[in-house]
**Q** 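Before we start, here is the structure in question, set down as structure tokens.
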Amino acid sequence: MSGNGFITSIRRLINTEERLRTPSPFDHLRQQMTDVLGDGGILKEVVQPGEGPPVPQNASVLIHYSGFIEYSDHPFESNTNMKHPRIMKLGRDVTLAGLELGLLTMQKGEFSRFLFQPQYAYGDMGCPPLIPAAAVILYEVQILDILDSGKVDDFIAMSPEEQNRVPLSTLLEVVETQRSFGNRCFNQSRYDSAKDRYKQALVLLGNRETQSDTEKEGINAALLPLYLNLCLTELRLERPHKALKYGNKALEIDYANTKAHFRCGKAYLQLHEYGSAQDCLIMAQAKKPFDSDINNLLREVATCYKDSLDQQKDLYSKMFRDLRGK
């Protein structure tokens with residue numbers, strides 16, 4: 001036993017000496033990386049360039065990331081297996097200093113590698129048992145989307161009077177960011193959160209004191225997708241009455257809108273109002289006669305309508321038989 005332990009210790013010593021003589025994997029990476037801050041604490045390699053402006057301060061990002069310690073084949077943390085990663089807000093959800101600073105250098109669609117010295121990662125203490133003391137950390141990061149939540153926060157913090165003084169284009173950018181947040185929540189099946197984001201955007205648009213026909217057109221153009229999104233969200237929450245409310249508001253803006261007619265048809269179907277459902281879907285079909293979703297739903301409505309009429313017929317027949325019997 002002691003002999004085997006001695007041999008193991010010798011082998012470990014030899015391996016350590018070989019590692020000291022041979023450049024490490026991180027040493028190889030350093031040769032092709034750039035110094036982000038100038039102090040060697042954060043090194044970066046762009047694997048796949050992105051496009052557009054870099055991530056703004058206080059933004060929210062959707063990222064895929066994996067963190068590695070040296071000589072490890074598997075990440076100590078990763079979210080690359082998630083189809084819809086959660087939205088992370090800088091300054092709140094990104095807790096690694098180096099990672100936040102690195103994200104501020106990235107663009108949408110970019111995939112990069114970062115090497116973080118301990119002072120920008122887990123410090124001299126590390127994070128046992130996963131992260132050794134004074135460990136240099138590798139992160140691989142891809143920016144899936146950027147949402148300028150800092151601009152939203154600043155706008156919401158204004159008084160209604162201040163909001164009305166900013167250009168309409170600023171309001172529309174904020175509303176579109178809120179809608180994007182809602183869409184992300186919707187795609188993750190977080191329908192109540194999505195609804196809250198859409199309704200917040202509606203409030204911001206409703207507070208705007210429009211001055212001209214051009215501004216009113218811009219407001220209506222922003223309202224339409226919000227009403228459509230709220231209609232669909234309420235359908236997923238199985239609240240057909242509320243879905244109809246938002247679907248009809250969308251039709252007030254654009255009566256020819258196919259999505260609005262289709263979603264109102266779905267709401268009427270959930271309410272078992274088959275005649276109204278059929279009317280809405282026929283309107284949608286007139287715009288898109290070969291749309292499979294519309295045609296399939298029309299067939300479903302027709303079947304439900306026929307079954308409902310047959311049940312009523314049977315009920316009335318039974319009532320008449322009972323009356324004749326009396």
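Note that the structure is a prediction, hence the values are computed from the model and not measured.
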**Q** Take I87 and D93 through the test side chain to side chain contact (heavy atoms under 4.5 Å, CB included) and record every step on the way to the result.
**A** CA-CA 9 Å; I87 299 169; D93 302 319; over 6 Å; no

**Q** Identify the heavy atoms of C185 and A194 that sit nearest to each other, and give their distance.
**A**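 Reported closest heavy-atom pair: CB-N, 3.7 Å.
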
**Q** Give the C-alpha distance, both sets of side-chain angles, the deciding distance and a yes or no for side chain to side chain contact (heavy atoms under 4.5 Å, CB included) between N58 and D153.
**A** CA-CA 9 Å; N58 299 318; D153 295 339; 5.5 Å; no

**Q** Search all heavy atoms of Q117 against all heavy atoms of G40 and return the closest pair with its distance.
**A**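 Scanning both residues, the minimum pair turns out to be CG-O, 3.5 Å.
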
**Q** Any side-chain donor paired with an acceptor under 3.5 Å for S66 and E77?
**A**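 There is no such pair between these side chains.
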
**Q** Less than 4.0 Å between a side-chain N and a carboxylate O, is that true for R30 and D35?
**A**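 The answer is no: the pair does not qualify as a salt bridge.
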
**Q** For the side-chain contact (heavy atoms from CB on, under 4.5 Å) test, which of R179, K151, Q163 pairs with V174?
**A** K151

**Q** Within the supplied structure, the quantity of interest is the number of heavy atoms (other residues, nucleotides, ligands) at a distance under 6.0 Å from Q48 CD; does it exceed 12?
**A** yes

**Q** Minimum heavy-atom separation for A260 and A250, please, with both atom names.
**A**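 Heavy-atom minimum between the residues: CB-CB, 4.1 Å.
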
**Q** Less than 4.0 Å between a side-chain N and a carboxylate O, is that true for D145 and R184?
**A**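 Salt bridge between R184 and D145, a charged N being under 4.0 Å from a carboxylate O: yes.
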
**Q** How many angstroms lie between NZ in K44 and CG in L115, if you round to the nearest 0.5 Å?
**A** 13.5 Å

**Q** With side chain to side chain contact (heavy atoms under 4.5 Å, CB included) as the criterion, how do L62 and L147 come out once you've worked through the C-alpha distance, each side chain's angles and the decisive distance to 0.1 Å?
**A** CA-CA 8 Å; L62 280 94; L147 300 171; 4.3 Å; yes

**Q** Output the distance between atom CD (E45) and atom CD (Q32), rounded to the nearest 0.5 Å.
**A** 4.5 Å

**Q** Look up atom OG in S60 and atom NZ in K89, then write down how far apart they are to the nearest 0.5 Å.
**A**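 Here the interatomic distance stands at 4.5 Å.
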
**Q** Of all heavy-atom pairs between E110 and M106, which one has the smallest distance, and what is that distance?
**A** OE1-CA, 3.3 Å

**Q** To the closest 0.5 Å, what do you measure between OH (Y65) and CG (L103)?
**A**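 Interatomic distance, Y65 OH to L103 CG, rounded to 0.5 Å: 11.0 Å.
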
**Q** Taking the ring centre of each residue, are H261 and Y255 less than 6.0 Å apart?
**A** yes

**Q** Can you check whether Y191 and F186 have ring centres sitting under 6.0 Å from each other?
**A**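 Ring centroids of Y191 and F186 are less than 6.0 Å from each other.
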
**Q** Considering only NZ, NE, NH1 and NH2 on the basic side and carboxylate oxygens on the acidic side, decide whether K249 and E252 come within less than 4.0 Å.
**A**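 Judged by the 4.0 Å cut-off on N to carboxylate O distance, K249 and E252 do not form a salt bridge.
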
**Q** To the nearest 0.5 Å, how far apart are CG in L168 and CZ in R208?
**A** 5.0 Å

**Q** Between F116 and Y139, how do the two ring planes meet: parallel, tilted or perpendicular, split at 30° and 60°?
**A** tilted

**Q** Using the side chain to side chain contact (heavy atoms under 4.5 Å, CB included) rule, take C264 and L251 through it: C-alpha gap first, then chi angles, then the decisive distance, then the call.
**A** CA-CA 10 Å; C264 284; L251 290 172; 4.2 Å; yes

**Q** Restricting to non-hydrogen atoms, name the atom on N229 and the atom on T233 that form the minimum distance, rounded to 0.1 Å.
**A**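 So the minimum-distance heavy-atom pair works out to O-OG1, 2.7 Å.
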
**Q** Per the salt bridge (charged side-chain N to carboxylate O under 4.0 Å, His left out) rule, which among R239, K266, R263, K245 passes with E234?
**A** R239

**Q** Taking atom OG of S169 and atom CD of E176, what is their separation to the nearest 0.5 Å?
**A** 13.5 Å

**Q** Do any side-chain atoms of residues 269-287 form donor-acceptor pairs under 3.5 angstrom with protein atoms, and if so which ones, sequence neighbours left out?
**A**
from, atom 1, to, atom 2, distance (Å)
H272, ND1, Y274, OH, 3.0
Q285, NE2, N295, OD1, 2.7

**Q** Taking all heavy atoms of G41 and all of Q119, pick out the closest pair and write down the distance.
**A** CA-NE2, 4.3 Å

